[in-house]
Amino acid sequence: MAVTEPAPVELPPAHEGILRRQALRESAARTYARSLPIVPVRARGMTIEGADGRRYLDCLSGAGTLALGHNHPVVLEAVRKVIDSGAPLHVLDLATPVKDAFTTELFSTLPREFADNARIQFCGPAGTDAVEAAFKLVRAATRRSELLAFTGAYHGMTAGALAASGGATDVRVTRLPFPHRYRCPFGAGGERGADIAARWTEYLLDDPKSGVPEPAAMILEPVQGEGGVNPAPDGWMRRMREITRERSIALIADEVQTGVGRTGTFWAVEHSGIVPDVMVLSKAIGGSLPLAVIVYRSELDLWQPGAHAGTFRGNQLAMAAGAATFAYVRENRLAERAGTLGARMLAALQALSADHPSIGDVRGRGLMIGIELVDPEAGPPTVTAENGSAPPPDPALATAVQQECLRRGLIVELGGRHGAVVRLLPPLTLTDEQATAVVDRLADALRAAERSPYRRAAAGPTR
């Protein structure tokens, strides 16, 4: 998709020079740098200071990586202890005290039924590599190759992970409908739409003429992040678990972005009470440093030594930072706080819709929030929503809102099929005052964007 360049922003010479050299030297594939023309030089908690001296509230949090925000003291202390101890920083997949402590801490956070019969594979440092590992695992265990994935999904940028994502062009994966409250593909929404989606899944798998081979696994996100912050209904999640279990299909839960307290429980699958066969984990599990793993039922552990490997799968600093993060989130009940504070922010943002018809939907779970912006005057509704009609998405307005937020010292991301969803992923440590400031700045940015002279000039997809 084409990427819309942001409106010009006045910059000091030094700052401008760094950005100019980045544009000259880095690839055309860069993303965040296009819409967020800032040069961070210091950061603490939720606050980033740019080279221009301006301060920003960061609601991107490294795409959800920074559960405790930037440079949290417990993370820094954990990293310093490893460095000062003289322990090796690179050990491939050898056992170390740091790795043992990380694994023990991680398993203590998992659903008990799952953790008591689980194995862990350390992968390359990106979530997409863990997705690839999960696919290899289930294919080796089941001796099948077909996969089931969902519309709107995002699982990474390597070949196999991208093929299972919603933007795939060379489709080798069976695509199933993901339930939507607002833009339901069946024009029903709510429980009725989720029920239809589940029934279609069952029909497709049981119909001998569907053209769908017997699959090795189904992969799903408990909340689709890049897809526009679409929470999966708990009842539907339980149906997917029943469908897969009854047909001996492995269920892979992609918790790369939803994990470590983000949605109001430590792991998002806990909302529905399901126990998957495989969990894919990355981002926040490294405490801000690169780390990715899969955890899975021991019965699936049928692959051979070296079936999946990676030079940097033994990141000691990330394991130390991750273990410290797990402990801090658990001891300070940050998952519960994310649920409470997230619900408060959702209610405040939903209240804005009374004065802003351009707010089509506000949705999310915990501190994973999305505001879908629409153009109520652009023509007839494209899809029927649970509570009426859904006007066409307005990616140009979303781009304008993102830029107006930046002018007000607020960093937000865009997502969804047309880049029309403003996404909020603040750290779990944000204060009540910061939460209020985020809502106030976003509301002010929306008012300004609705009057913006470059709103229409930015028409078209932004991702």
Side-chain angles (χ1 to χ4, degrees), residues 45-46 58-70 72-75 78 101-115 118 127 220-225 229-234 237-238 253-276 279-288 291-293 295 318 321-348 363-370 423-435 438:
M46 194 181 179
D58 182 10
C59 273
L60 178 56
S61 299
T65 299
L66 304 169
L68 304 184
H70 295 274
H72 194 280
V74 303
V75 171
F102 170 83
T103 304
T104 300
E105 190 67 50
L106 169 60
F107 272 51
S108 75
T109 70
L110 297 170
R112 190 77 272 141
E113 181 182 349
F114 185 51
L220 56 76
E221 300 160 274
V223 181
Q224 289 189 338
V229 193
N230 296 304
D234 292 338
M237 288 281 289
R238 289 188 284 270
D254 184 338
E255 291 251 19
V256 168
Q257 194 166 96
T258 54
V260 194
R262 169 65 54 189
T263 68
T265 53
F266 210 101
W267 306 105
V269 293
E270 296 178 72
H271 290 290
S272 60
I274 70 164
V275 178
M279 289 178 66
V280 180
L281 314 176
S282 188
K283 292 192 185 295
I285 70 164
S288 76
L291 188 63
V293 306
V295 185
T325 298
F326 291 154
Y328 191 87
V329 170
R330 186 187 67 251
E331 292 166 3
N332 291 276
R333 305 171 71 94
L334 293 189
E336 295 177 31
R337 175 165 170 76
T340 301
L341 195 53
R344 191 183 309 162
M345 293 177 71
L346 275 171
R363 54 185 179 257
R365 200 150 207 178
L367 291 175
M368 192 171 182
I369 298 171
R423 299 182 58 205
L424 302 178
L425 286 167
L428 310 188
T429 53
L430 88 163
T431 65
D432 289 355
E433 293 76 15
Q434 288 172 330
V438 168

- Message: So Arg365 and Thr258, do their side chains get closer than 4.5 Å, heavy atoms only?
- Response: no
- Item | Nearest-0.5 Å distance, CE of residue Met368 to OG1 of residue Thr263 | 8.5 Å
- Message: With heavy-atom distances below 4.5 Å as the criterion, would you say the side chains of Thr103 and Val293 are in contact?
- Response: no
- Message: How close do Ala318 and Leu291 get, counting heavy atoms only, and between which atoms?
- Response: CB-CB, 3.9 Å
- Taken to the nearest 0.5 Å, the spacing of Leu220 CG from Met237 CE works out to 5.0 Å
- Message: Just so I know, are the side chains of Arg423 and Ile369 near enough to count as touching, which here means a heavy-atom distance under 4.5 Å?
- Response: no
- Message: Any donor-acceptor pair under 3.5 Å linking the side-chain atoms of His72 with those of Thr429?
- Response: no
- Message: Using a 3.5 Å distance criterion without hydrogens, assess whether the side chain of Thr104 forms a donor-acceptor pair with backbone atoms of Ala101.
- Response: no
- Message: Heavy-atom count check: over 12 atoms from other residues, nucleotides or ligands less than 6.0 Å from Arg333 CZ?
- Response: no
- Can you see which heavy atom on Pro427 is nearest to which on Gly69, and at what distance? CB-N, 3.5 Å
- Nearest non-hydrogen partners of Ala324 and Ala78, listed with the distance: CB-CB, 3.8 Å
- Message: Using side chain to side chain contact (heavy atoms under 4.5 Å, CB included), reason through Leu428 and Arg337 one step at a time and then give a plain yes or no.
- Response: CA-CA 8 Å; Leu428 310 188; Arg337 175 165 170 76; over 6 Å; no
- Name the one of Val295, Ile285, Val269 that satisfies side-chain contact (heavy atoms from CB on, under 4.5 Å) with Glu255? Val269
- Query: Going by heavy atoms in the side chains, are Pro426 and Met46 under 4.5 Å from each other?
  - Reply: yes
- Residues two or more places apart in sequence or in another chain: which of them pass side-chain hydrogen bond (donor to acceptor under 3.5 Å, both in side chains) with Ser288? none
- Working to the nearest 0.5 Å, report the span between CD of Gln224 and CD of Gln257. 11.0 Å
- Task: Considering non-hydrogen atoms only, spot the tightest contact between Glu105 and Ala323 and give its length.
- Result: CG-O, 3.6 Å
- Mind checking side-chain hydrogen bond (donor to acceptor under 3.5 Å, both in side chains) for Thr109 and listing every partner two or more places apart, or none if nothing turns up? Trp267
- Less than 4.5 Å apart, any side-chain heavy atom of Val438 and any of Met345? yes
- Could you check Leu334 against Leu68 for side chain to side chain contact (heavy atoms under 4.5 Å, CB included), going step by step and ending with a plain yes or no? CA-CA 9 Å; Leu334 293 189; Leu68 304 184; 3.7 Å; yes
- Sequence neighbours left out, what passes side-chain hydrogen bond (donor to acceptor under 3.5 Å, both in side chains) with Glu270? Give chain and number order. none
- Query: To the nearest 0.5 Å, what is the distance between CG (Asp254) and CG (Leu281)?
  - Reply: 9.0 Å
- Query: When rounded to the nearest 0.5 angstrom, what is the spacing between CZ in Phe107 and CZ in Arg112?
  - Reply: 9.5 Å
- Which pair of non-hydrogen atoms, one from Ala284 and one from Ala67, has the smallest distance, and what is that distance? CB-CB, 3.9 Å
- Note on the structure: Rounding to 0.5 Å, atoms SG (Cys59) and CG (Leu424) come to a distance of 5.0 Å
- For the pair Ser61 (side chain) and Gly64 (backbone), establish whether a donor and an acceptor sit closer than 3.5 Å, ignoring hydrogens and angles. no
- So, do Leu425 and Leu367 sit near enough that their side-chain heavy atoms are less than 4.5 Å apart? no
- Query: What's the shortest heavy-atom distance between Val329 and Ala335, and which atoms?
  - Reply: CG1-N, 4.2 Å
- Task: For Arg363 and Val229, indicate whether the former's side chain and the latter's backbone hold a donor-acceptor pair under 3.5 Å.
- Result: yes
